[in-house]
Amino acid sequence: MYINTVSHYIPEQIVPNSFFLDVNGLTDEWIEARTGIRERRKAGAEENTHTMGLAAIQAGLPALPYDPGEIDLIVGATYTPYDTVSTLAHAAQHMLDIDSIPAVTITSACSSLLNAIEIVEGYFAMNKASKALVVVSEHNTAYSRPEDPMSGHLWGDGAAALFISRTRMSATDLHIMDLKTAGAATVGKGIEGVVLRPTDGGISMPHGRDVFINACQYMELATRELLEKHHLPVTEIAHFIPHQANMRIVRNIAESMDLPDSKVVSNIQYLGNTGSAGCAIAMSENRAHFAPNDLIVVTVFGGGYSYGAMLVRA
C-alpha cells in the first residue's frame with residue numbers, strides 16, 4: 001500500500017495552560033511538567049468532527065496524483081462522533097460526491113487510525129478497492145470536562161486525511177511496508193483506564209498510572225515486533241511517531257529504545273492529545289522532512305488498551 005497524500009486540519013482557537021488554573025486548579029507549570037502540553041486547539045462553535053475531517057480532506061486534494069472520483073473506499077475513524085448514524089465516512093462521501101462505494105466509520109479509541117488503515121489493507125487484499133481515503137477526526141473538547149483535574153487539561157481537537165492506493169501512484173508516495181494492531185483489554189485496567197461515556201460524564205481517565213505503564217509497554221512491543229519481522233534495527237528508524245498522549249510516555253519509550261530526540265516526532269506540546277488524529281497530523285506536519293528511503297514508525301495506544309504499529313518507507 002502507498003500513502004499518496006496526507007493532510008490535516010487544526011482549529012484556530014488556542015487554549016493555553018493558564019486557562020485551567022481557575023477551572024481545575026492546575027498551574028501552567030504543573031501541566032507542562034507532567035504532560036509536556038503547553039497549549040491545545042479547540043474547535044469553534046460552528047465546527048465538529050465532520051467539518052474538521054472534511055477540511056483535512058480538502059487540504060489534501062490539490063496534491064492528489066489522481067482524480068478524487070477514483071476513490072473506491074472511504075474509512076472514517078473517530079471515537080468522538082458528531083453523528084453516529086450519518087457518520088464521518090458518509091459525510092466525506094457526500095462531499096466528494098462519489099456514489100456506490102463502501103463508506104464505513106470505525107472506532108478503537110486512540111488506535112483508530114491504524115485500524116482504519118488495516119481495514120483498507122483488507123479491502124485491497126480482497127480486490128474490493130484500489131484507492132482509499134482514511135479520514136480521522138477528533139472533537140475531544142465536545143466530550144471532555146475542563147474541570148476534571150485528572151484529564152480535563154489533556155484534550156485537543158484536530159483531523160487528518162490519508163489518501164492510500166494499492167499500487168504506487170507517484171515517486172513521492174510513502175510505502176506502507178507493514179502494520180499490526182491488537183487489543184490488550186484483558187490487561188490491568190484495560191476497560192476502565194480511559195472511558196468516554198456520553199451520558200455519564202464524558203471523557204475521563206480514572207487510572208492514569210495504569211494507562212501510562214501499559215502505553216509504554218505495548219507501543220514499544222508492537223514497534224519491536226514489526227522491526228524484528230522485517231530484520232530492521234532500531235537504529236534505522238529516521239522518524240518515530242508515537243501516539244500523542246503524554247510527553248512522558250513518548251520520552252519513556254524513546255529512552256527504552258535508545259532513540260535520540262532528533263528522531264522523535266511530537267506535536268502534543270501545542271496541540272494537546274488529539275486522540276487517533278495525533279499521529280496522522282504529525283505525519284502531515286512533517287511530510288517535507290521525510291527524505292527518500294527514510295524509515296518512519298507510527299505506533300499507537302488507546303482506551304480499551306488497543307495498540308498497534310506501522311512501518312512506512314519514504
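Each residue takes its place number in the sequence, starting with 1.
- For S256, the side-chain hydrogen bond (donor to acceptor under 3.5 Å, both in side chains) partners two or more places apart in sequence, or in a different chain, are E220.
- At a threshold of 4.5 Å between side-chain heavy atoms, the hydrophobic network of Ile, Leu, Val, Met, Phe, Trp and Tyr places Y123 and I106 in one connected group.
- Between the side chains of N127 and R166, at least one donor-acceptor pair of N or O atoms lies under 3.5 Å.
- Taking all atoms of both residues into account, the shortest heavy-atom contact from A43 to M52 is CB-SD, 4.1 Å.
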Under 3.5 Å, sequence neighbours excluded: what are the donor-acceptor pairs made by side chains of residues 64-75?
{"unit_1": "Y66", "atom_1": "OH", "unit_2": "N4", "atom_2": "OD1", "d": "2.7"}
{"unit_1": "D67", "atom_1": "OD1", "unit_2": "G69", "atom_2": "N", "d": "2.6"}
{"unit_1": "E70", "atom_1": "OE1", "unit_2": "K131", "atom_2": "NZ", "d": "3.2"}
{"unit_1": "D72", "atom_1": "OD1", "unit_2": "S130", "atom_2": "N", "d": "3.0"}
{"unit_1": "D72", "atom_1": "OD1", "unit_2": "K131", "atom_2": "N", "d": "2.9"}
{"unit_1": "D72", "atom_1": "OD2", "unit_2": "S130", "atom_2": "N", "d": "3.0"}
{"unit_1": "D72", "atom_1": "OD2", "unit_2": "S130", "atom_2": "OG", "d": "3.2"}

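- The shortest side-chain heavy-atom distance between F240 and V298 does not fall under the 4.5 Å cut-off.
- With Y143 contributing its side chain and P81 its backbone, the two residues share a donor-acceptor pair below 3.5 Å.
- Under the 3.5 Å distance criterion, the side-chain polar atoms of R40 are matched with a main-chain donor or acceptor of V15.
- Formation of a donor-acceptor pair under 3.5 Å by the Q217 side chain with backbone atoms of N214 is not found in this model.
- Q93 places a side-chain N or O within donor-acceptor distance of the main-chain N or O of I98, the cut-off being under 3.5 Å.
- Counting heavy atoms from C-beta outward, L179 and L311 have side chains that stay 4.5 Å or more apart.
- At least one donor-acceptor pair closer than 3.5 Å links the side chain of T78 to the backbone N or O of S137.
- The shortest distance between side-chain heavy atoms of P233 and L227 does not fall below 4.5 Å.
- Side chains of L61 and L96 form a contact here, defined as non-hydrogen atoms less than 4.5 Å apart.
- In this structure the side chain of I241 never reaches within 4.5 angstrom of the side chain of T299, judged on heavy atoms.
- Both M205 and V250 are part of a single hydrophobic cluster, where members link through side-chain heavy atoms under 4.5 Å apart.
- For the atom pair NE2 (H50) and NE2 (H94), the distance works out to 12.0 Å, reported to the nearest 0.5 Å.
- Linking Ile, Leu, Val, Met, Phe, Trp and Tyr residues whenever their side-chain heavy atoms come within less than 4.5 Å leaves V265 and M257 in two separate clusters.
- Distance check, rounded to the nearest 0.5 Å: CD1 of I176 to CZ of F124 gives 8.5 Å.
- Because its NZ or CZ atom is both nearer than 6.0 Å to the ring centre of F212 and within 45° of the ring axis, R248 counts as a cation-pi partner of that residue.
- In terms of modelled atom types and a separation under 3.5 Å, the side chain of S151 and the main chain of L154 share no donor-acceptor contact.
- In terms of modelled atom types and a separation under 3.5 Å, the side chain of D210 and the main chain of H207 share no donor-acceptor contact.
- Side-chain contact check for Y270 versus I37: every heavy-atom pair is 4.5 Å or farther apart.
- Ring centers of Y82 and H139: at least 6.0 Å apart, outside the cut-off.
- No side-chain donor-acceptor contact under 3.5 Å links H153 and N17.
- Looking only at atom types and distance, the side chain of S276 has a donor-acceptor partner in the side chain of E138 under 3.5 Å away.
- Looking only at distances, no side-chain donor or acceptor of S204 sits under 3.5 Å from a matching main-chain atom of P206.
- Summarising the geometry, atom CD belonging to E29 is positioned 10.0 Å from atom OG belonging to S18; distances are rounded to the nearest 0.5 Å.
- Using a 4.5 Å cut-off on side-chain heavy atoms (C-beta onward), L196 and T80 make contact.
- The OG atom of S111 sits 8.5 Å away from atom CE of M219, with the distance rounded to the nearest 0.5 Å.
- At a cut-off of 3.5 Å, with distance as the only test, a side-chain donor of T141 or D157 sits close to an acceptor on the other residue.
- Although no hydrogens or angles enter the test, the distance criterion places a donor-acceptor pair under 3.5 Å between the side chain of N286 and the main chain of A282.
- Residues N273 and Q244 have side chains that never bring a donor and an acceptor to within less than 3.5 angstrom of each other.
- Across all their heavy atoms, N24 and P146 have their closest contact at ND2-O, 3.1 Å.
- Here the straight-line distance linking atom CG of D83 with atom OG1 of T49 works out to 10.0 Å at 0.5 Å rounding.
- Side-chain contact, D173 with S170: a donor N or O sits under 3.5 Å from an acceptor N or O.
- In this structure, a donor-acceptor pair under 3.5 Å is absent between the side chains of E32 and T35.
- Taking 4.5 Å as the limit, every side-chain heavy atom of V234 sits out of range of all side-chain heavy atoms of D258.
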Counting only pairs under 3.5 Å, give me each side-chain donor-acceptor contact of residues 180-193, with atom names and distances, residues two or more places apart or in other chains.
{"unit_1": "K180", "atom_1": "NZ", "unit_2": "E225", "atom_2": "OE1", "d": "2.6"}
{"unit_1": "T181", "atom_1": "OG1", "unit_2": "N115", "atom_2": "ND2", "d": "3.3"}
{"unit_1": "T181", "atom_1": "OG1", "unit_2": "E118", "atom_2": "OE1", "d": "2.4"}

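- When all heavy atoms are compared, the tightest approach of L88 to G76 is CD2-CA, 4.2 Å.
- The structure places CG of D28 at 10.0 Å from CD of E39, a figure rounded to the nearest 0.5 Å.
- Put simply, F301 and L113 are part of two different groups of oily side chains (I, L, V, M, F, W, Y) that touch within less than 4.5 Å, one to the next.
- Under the 3.5 Å distance criterion, with hydrogens and angles disregarded, a donor-acceptor pair is assigned to the side chains of T87 and T105.
- Note: the hydrophobic cluster containing Y9 does not contain I3 (ILVMFWY, side chain heavy atoms under 4.5 Å, direct or indirect links).
- In terms of heavy atoms, F19 sits closest to V23 at O-CG2, 3.3 Å.
- The backbone N or O of G152 lies less than 3.5 Å from no partner atom in the side chain of R145, so there is not a single donor-acceptor pair.
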Q: Dump the intermediate steps for salt bridge (charged side-chain N to carboxylate O under 4.0 Å, His left out) on R313 and E236, then the final yes or no.
A: CA-CA 11 Å; R313 183 74 76 176; E236 189 161 338; 2.9 Å; yes
Q: I would like to know whether I31 and F20 meet side-chain contact (heavy atoms from CB on, under 4.5 Å); could you show each step before the answer?
A: CA-CA 9 Å; I31 294 172; F20 293 94; 4.1 Å; yes
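- Using a 30° and 60° split on the angle between ring planes, Y218 and Y307 fall in the tilted class, from 30° to 60°.
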**Q.** Evaluation steps, side-chain contact (heavy atoms from CB on, under 4.5 Å), between M310 and T223
**A.** CA-CA 8 Å; M310 177 171 70; T223 298; over 6 Å; no
Q.
Evaluate M1 against S165 for side-chain contact (heavy atoms from CB on, under 4.5 Å), listing each step before the verdict.
A. CA-CA 6 Å; M1 296 189 296; S165 61; over 6 Å; no
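- Here the closest non-hydrogen pair linking M177 and L295 is SD-CD1, 3.9 Å.
- Scanning both residues, N246 and I268, for their nearest heavy atoms gives N-CD1, 3.3 Å.
- D178 and H230 form a side-chain donor-acceptor contact under 3.5 Å, judged by distance and modelled atom types alone.
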Q: Before giving the answer on side-chain contact (heavy atoms from CB on, under 4.5 Å), spell out for Y79 and N140 the whole-Å C-alpha distance, their side-chain angles and the decisive distance to 0.1 Å.
A: CA-CA 9 Å; Y79 60 82; N140 284 308; 2.7 Å; yes
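- More than 12 heavy atoms of other residues, nucleotides or ligands lie within 6.0 Å of CD in Q13, so this atom counts as buried by the packing criterion.
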